[in-house]
6 protein chains.
Amino acid sequence: GMLGESMDEHESDQTILLEANIDNQNGEQLGYTMNRLLSEGALDVFFTPIYMKKNRPATMLSVLSKPESKQKMIHIILAETTTLGIRTFECPRSTMNREFLTVRTKFGPVQVKHAFLDDIEKYSPEFDDCARLAISHKVPLAKVCEAAQKSILDRDWEQKSESVITE
Amino acid sequence: GMLGESMDEHESDQTILLEANIDNQNGEQLGYTMNRLLSEGALDVFFTPIYMKKNRPATMLSVLSKPESKQKMIHIILAETTTLGIRTFECPRSTMNREFLTVRTKFGPVQVKHAFLDDIEKYSPEFDDCARLAISHKVPLAKVCEAAQKSILDRDWEQKSESVITE
Amino acid sequence: GMLGESMDEHESDQTILLEANIDNQNGEQLGYTMNRLLSEGALDVFFTPIYMKKNRPATMLSVLSKPESKQKMIHIILAETTTLGIRTFECPRSTMNREFLTVRTKFGPVQVKHAFLDDIEKYSPEFDDCARLAISHKVPLAKVCEAAQKSILDRDWEQKSESVITE
Amino acid sequence: GMLGESMDEHESDQTILLEANIDNQNGEQLGYTMNRLLSEGALDVFFTPIYMKKNRPATMLSVLSKPESKQKMIHIILAETTTLGIRTFECPRSTMNREFLTVRTKFGPVQVKHAFLDDIEKYSPEFDDCARLAISHKVPLAKVCEAAQKSILDRDWEQKSESVITE
Amino acid sequence: GMLGESMDEHESDQTILLEANIDNQNGEQLGYTMNRLLSEGALDVFFTPIYMKKNRPATMLSVLSKPESKQKMIHIILAETTTLGIRTFECPRSTMNREFLTVRTKFGPVQVKHAFLDDIEKYSPEFDDCARLAISHKVPLAKVCEAAQKSILDRDWEQKSESVITE
Amino acid sequence: GMLGESMDEHESDQTILLEANIDNQNGEQLGYTMNRLLSEGALDVFFTPIYMKKNRPATMLSVLSKPESKQKMIHIILAETTTLGIRTFECPRSTMNREFLTVRTKFGPVQVKHAFLDDIEKYSPEFDDCARLAISHKVPLAKVCEAAQKSILDRDWEQKSESVITE
Ligand code: NI
Ligand code: NI
Ligand code: NI
Ligand code: NI
Ligand code: NI
Ligand code: NI
Ligand code: NI
Ligand code: NI
Ligand code: NI
Ligand code: NI
Ligand code: NI
Ligand code: NI
């Protein structure tokens, strides 16, 4: 049946979610902090708009990290932001198996992330490859994405890498 | 005293909160996913606007489910969205006791959710009943809501159902 | 028919909408700015969460003012925020006729805003009256709102003020 | 050249944008209002989360309408919401030429919106067709979207309708 | 090295995060609820804009509390809001050591929060002091903040309090 | 008096605000579009999270441009996004006079934007200078910002450029 099974146990790894509410630092500095955290190994960094007391528009900084990077991430957040307290959640993450493929397009090769689990298969062209080709060929991004999509649907693989993504 | 006690242990059941950050799927498809999850038994589904790396406006999908539906919900999210990782939180939920009542209004009967716990009592007319009556009577929704509210305040019950909501 | 007419011209006055995108000032200061603008005569002040270049979460400050206050509002925004440019829109506003009434409740009198136009009538209890009574009577706010609502539905007016709101 | 011309005058029609800030009505009722406005001929209805005075999370209701529907839309907003004032903007809209096509997929026919202007061409499968086929075939929506996308990229037209969309 | 250590265990205390999704209560009432919770001892209260089923713009209420206040906070949320279920998370919080200092400025004394941990030191002028001085001296807030900032950078302490903040 | 005058006419130039609601394109592509528009001469580009019909989380793309770039911006938006209609507003903008200065800090020189109008003067260190110095000196960004702020408060100018910003 469709999406039917409900008993299986999906793959899972352990991550840490860190959260800090920030109402006394500006957006310029928060954009910088996002880049710093990503370059130091954060799995993901994102901002959520929130509303705090005294009519303050504010931002919740969320950082997803591997357990072994937790203290490093906390240290960077404390050093780079004005926050004095960081909430910490242990957070199992259900993931799919992943591998890289490459498809041919008329604009050049594009790497493709292939994810698979149970009966689910998903292919997504690497965004940075598409963006680079659109810029260099002076065409709208959609043209490159469509070309990659067509090659994926035609299973027009150039090569199949062995590497497994661990992000 | 007012809202005074602080020692009691409120009712609680166990739920699962699932979260996925989605930056490579469009809003049309996410609206569809919300409906799919609700029709397959999710307790609640909601979207939060977030901001991810590389200037990407994105959406956090949150799904609240019963523990026994957790793997089914994860499977649907993996099948219907582009996400490759779903964060999982165990999440006790403090709830109120609930029962259904029905009130008479000049537009017709409206079901009312009666919630009670300690010294707290809340009555809320079922939205879908009010909406249906507003449409069929060609009056603004507020007129039906007000009529239901007045009947509730007058305790003008039509019948008291035995059913207990387990949502 | 229901909400049927489409030809009438509704009441209208002229207002000015001012907008500024702010990515280099913190939320504490913006909350202060909101209060300053309101105390200097702004009709309305509100914040919208936006996302700007370089991964910056930011806030759009919007101020609605009467035409004669426009330059004063611009001056305050320039003085109290970091923005260097304020967008200005002329903005006709369709409004309803308004008057104040007062209803009796068991908690005390509550002022009610009565709005009317064509066949539309709306009554809303003044929030600040309800909040004050809830605090002084140590009851949940909803109890006071419900009492005011019931008195409105019963048309239990205490007095009908002559004043017309010009906000 | 790429996206090169900057001198052409793009197509344009006239629309009206209506805005109302709502802090004293709940989300259930606002969802209803969106549906009411769309069923009465609004071109578009959307909500923006805003933050108002006194720590109030609120919603800005925006309605895009044809000039001839302006008064009707204002009347519905006044009747169905608590707002007492609606901001009005005249709003020229640059649009693309549009026509409907139909593509064959293994799940059935899917209507496609073809937009064109200057050297720009865009094709998008009708979402509701894809959603209906996904439900009836019990497959993830992405499978139907991909099939439609592939047929579009192959220019596998079933028929070309003459109708022009005026939305 | 810069932000280098990753092995240390930062300070931590235990907090409780409570969450409730609210789609059937208005913003006026939610602003009141925020104030009520803060005055009853919540460590932090904030709102996140979310989007729920049936096109409902809604608000997630989040309350951070000490473990010993958990049941009191739950009781207030149940009494003051329409929610029937409150999600509960145990949430260790990494914090910095804190003390109060006072700096001299030409507008008057301003209290300063000094936070320190490892090699990180942060000083932030108390917002309410700055706001009060700006109002009483009739100058833009930024002038007072700058004066306080300059005194902090000059380490121009007036007194060093012994008190440690436990917020 | 404080912020007192209300009669003066502030400086003003003319800009164009373009808006498009996007519910069928993903965040990766929108981030790319922001960069494209900025590199082609947009004055400002920002995203606002909105909620559209059928439970769709969506993004409003806003582009501020000079009048002479309007058609070029419209063309890029039509080419790079899925939108079929772009709302256009004429938008006078109140601005401040601006010049560049440079301050000395122990980390190196930092350019400073000096804005002035009436009795208002604002100085802001160029963010990109601060970020570059923080990275190269391996210190938290706040340390560089503070150093620049101190030099500004001490009026420790290195040079005063003649250039006037026209952004
Ligand atoms: Ni450390
Ligand atoms: Ni990605
Ligand atoms: Ni599975
Ligand atoms: Ni409900
Ligand atoms: Ni001035
Ligand atoms: Ni009000
Ligand atoms: Ni009318
Ligand atoms: Ni559509
Ligand atoms: Ni209790
Ligand atoms: Ni603070
Ligand atoms: Ni063109
Ligand atoms: Ni800037």
Side-chain angles (χ1 to χ4, degrees), chain B residues 22 24-40 44-51 57 59-61 72 74-84 110 113 122 124-146 148-149, chain D residues 22 24-40 44-51 57 59-61 74-84 110 112-113 122 124-146 148-149:
Chain B
I22 299 178
N24 59 344
Q25 190 163 26
N26 70 42
E28 286 184 344
Q29 293 162 347
L30 290 173
Y32 176 89
T33 301
M34 175 187 273
N35 290 336
R36 280 279 298 132
L37 288 160
L38 288 168
S39 73
E40 294 286 343
D44 200 3
V45 181
F46 58 100
F47 297 127
T48 306
I50 60 173
Y51 196 25
T59 298
M60 185 164 73
L61 166 67
K72 185 182 184 186
I74 289 174
H75 193 92
I76 297 174
I77 297 171
L78 292 177
E80 293 288 355
T81 77
T82 56
T83 197
L84 303 188
V110 171
K113 205 185 276 181
K122 302 192 279 200
S124 67
E126 276 302 286
F127 177 78
D128 289 338
D129 286 358
C130 295
R132 190 174 32 74
L133 291 174
I135 295 288
S136 65
H137 287 260
K138 296 188 188 304
V139 294
L141 175 63
K143 294 301 168 209
V144 180
C145 292
E146 280 169 14
Q149 192 62 34
Chain D
I22 299 179
N24 58 345
Q25 190 161 26
N26 70 43
E28 285 184 344
Q29 293 162 347
L30 290 172
Y32 176 90
T33 301
M34 175 186 272
N35 291 336
R36 280 279 299 132
L37 288 160
L38 288 168
S39 73
E40 294 285 343
D44 199 4
V45 180
F46 58 100
F47 298 127
T48 307
I50 60 174
Y51 196 26
T59 298
M60 185 164 74
L61 166 67
I74 288 174
H75 193 92
I76 296 174
I77 298 170
L78 292 177
E80 293 288 355
T81 76
T82 55
T83 198
L84 303 188
V110 172
V112 172
K113 205 185 276 183
K122 301 191 279 200
S124 65
E126 276 303 287
F127 176 78
D128 289 338
D129 285 358
C130 296
R132 190 174 31 74
L133 291 173
I135 295 288
S136 66
H137 287 260
K138 295 190 190 303
V139 294
L141 175 62
K143 295 301 169 211
V144 180
C145 292
E146 281 170 13
Q149 192 62 34

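Basis for what follows: all heavy atoms, side chains included, without hydrogens, waters or symmetry-related copies. Numbered from 1 within each chain, the chains take letters A, B, ... in sequence-line order.
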Where do [X] and [Y] come nearest, in terms of heavy atoms and distance?
X        : Y        : answer
B:Ala79  : D:Pro140 : O-CB, 3.6 Å
D:Val139 : B:Tyr32  : O-OH, 4.5 Å
D:Glu80  : B:Leu141 : OE1-N, 3.1 Å

Worksheet, complete the sentence: Residues at least two apart in sequence or cross-chain that pass side chain to side chain contact (heavy atoms under 4.5 Å, CB included) with D:Thr82, listed by chain then number, are D:Ile22, D:Asn24, D:Gln25

Worksheet, complete the sentence: Those residues at least two apart in sequence (or on a different chain) that pass side chain to side chain contact (heavy atoms under 4.5 Å, CB included) with B:Asn35 are F:Asn55

Practice prompt. Please look at B:Cys145 and chain D and tell me whether the side chain, the backbone, both or neither of the residue comes under 4.5 angstrom of a heavy atom of that chain.
Written response: side chain

Response to the item:
Rounded to the nearest 0.5 Å, the CG atom of B:Asn26 sits from the OG atom of D:Ser124 at a distance of 10.0 Å

